[in-house]
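Each residue takes its place number in the sequence, starting with 1. The structure presented is a predicted model; accordingly, all values stated were derived computationally and were not measured. Hydrogens, waters and symmetry mates are skipped; everything else that's a heavy atom, side chains included, is used.
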Amino acid sequence: MTQQSIFNHEGRAVPYIVEGEGPIGLVLIAAAALDTDPLGVVAHYLAEEAGFHVVRIGADTTSGDREERASDALAVMDHLGFADAWIGGYGSGGTIARTLTGTHPERANGLLLLGVEEDGTSLAPMIPVLVIQGSDDAALPPENGERLRATAPERTSVKTIAGADHRFPVTHLMDTAVTIEEYLDWD
């Protein structure tokens, strides 16, 4: 297991884990604590097998709204020297990523959403978007990703994993990881 570190930002202890040293930076914002984050194994694969430089950022127990969480994620990026990266998350972590890329689009090479919450958070202009979703996800139904794509069809790609439910990053690990790898490392 990779070592978790803490970065103190505005009185909050923000947990994060860094894996890999590759040329492609990927910041994944967890919905909650890192020890329960379903993206841990996906991140490990992307760092070890695909050669990505991955940072997973969790929530401080006192973290409140998504603007605060987005600010925390940006502070960790600054602390680690990430001028820019692909920024994403799973479920509500993806919504926080949308908030971060909306307020700081210059820091995002793209937006990665694993399941889409339907909450009205708009997409930042000009940034490519990859949505990965499970075909049988009742919590974050695939229709959410399709509606989001309709707002920016020229730069949004949606990949649906057949037979996958809400826990698709865990139950369909390789499908999820390889989809990310192929899209982000297309050249």
Separation of [Y] [atom2] from [X] [atom1] (nearest 0.5 Å):
X	Y	atom1	atom2	value
Ile87	Ile96	CD1	CD1	12.5 Å
Thr99	His104	OG1	NE2	11.0 Å
Glu67	Asp72	CD	CG	11.5 Å

When you group the ILVMFWY residues by side-chain heavy-atom contacts below 4.5 Å and let the links chain together, are [Y] and [X] in the same group?
X	Y	value
Trp86	Leu123	no
Val158	Phe168	no
Leu46	Met174	yes
Ile161	Ile180	yes
Tyr90	Tyr45	yes

field: Sequence-distant partners of Glu143, salt bridge (Lys or Arg N to Asp or Glu O under 4.0 Å), two or more places apart
entry: none
message: Test of understanding: with salt bridge (Lys or Arg N to Asp or Glu O under 4.0 Å), list the residues that count as partners of Arg155, not counting sequence neighbours.
response: none
- prompt: Does atom CD of Glu21 have more than 12 heavy-atom neighbours from other groups under 6.0 Å away?
  reply: no
- prompt: Do the two ring centres, one from Phe52 and one from His44, sit under 6.0 Å apart?
  reply: no
Output side-chain donor-acceptor pairs under 3.5 Å for residues 74-83, partner residues at least two apart or in another chain, one line each.
| unit_1 | atom_1 | unit_2 | atom_2 | d |
| --- | --- | --- | --- | --- |
| Asp78 | OD1 | Arg107 | NH1 | 2.9 |
| Asp78 | OD1 | Arg107 | NH2 | 2.7 |
| His79 | NE2 | Tyr16 | OH | 3.4 |

- request: Report the C-alpha separation of Ile17 and Val55 in whole Å, then their side-chain angles, then the decisive distance to 0.1 Å, and conclude whether the side chain to side chain contact (heavy atoms under 4.5 Å, CB included) test is met.
  value: CA-CA 6 Å; Ile17 294 173; Val55 178; over 6 Å; no
- prompt: Charged N to carboxylate O under 4.0 angstrom, Arg12 versus Glu68?
  reply: yes
field: Lys/Arg-Asp/Glu bridge criterion (N-O < 4.0 Å) met for Arg167, Asp137
entry: no
Is there a side-chain contact between [X] and [Y] (heavy atoms, below 4.5 Å)?
X	Y	result
Arg98	Asp119	yes
Leu112	Ile132	yes
Val131	Arg149	no
Leu140	Glu117	yes
Leu26	His53	no
Leu113	Leu148	yes
Asp37	Arg56	yes
Lys159	Leu130	yes

Looking at every non-hydrogen atom in both residues, tell me the closest pair between [X] and [Y] and how far apart they are.
X	Y	result
Val14	Gly58	CG1-O, 3.9 Å
Gly89	Leu28	N-CD2, 4.5 Å
Val129	Tyr183	O-OH, 3.9 Å
Pro141	Gln133	O-OE1, 4.5 Å
Ala85	Val27	CB-CG2, 4.0 Å
Asp136	Gly163	OD2-CA, 3.4 Å

Distance-only donor-acceptor check, side chains Thr121 and Arg66, under 3.5 Å: yes
Flag, side chain of Thr36 to backbone of Ala33, donor-acceptor distance under 3.5 Å: yes
- request: Take Thr176 and Leu114, measure what side chain to side chain contact (heavy atoms under 4.5 Å, CB included) needs, and give me the verdict at the end.
  value: CA-CA 9 Å; Thr176 303; Leu114 292 105; 3.4 Å; yes
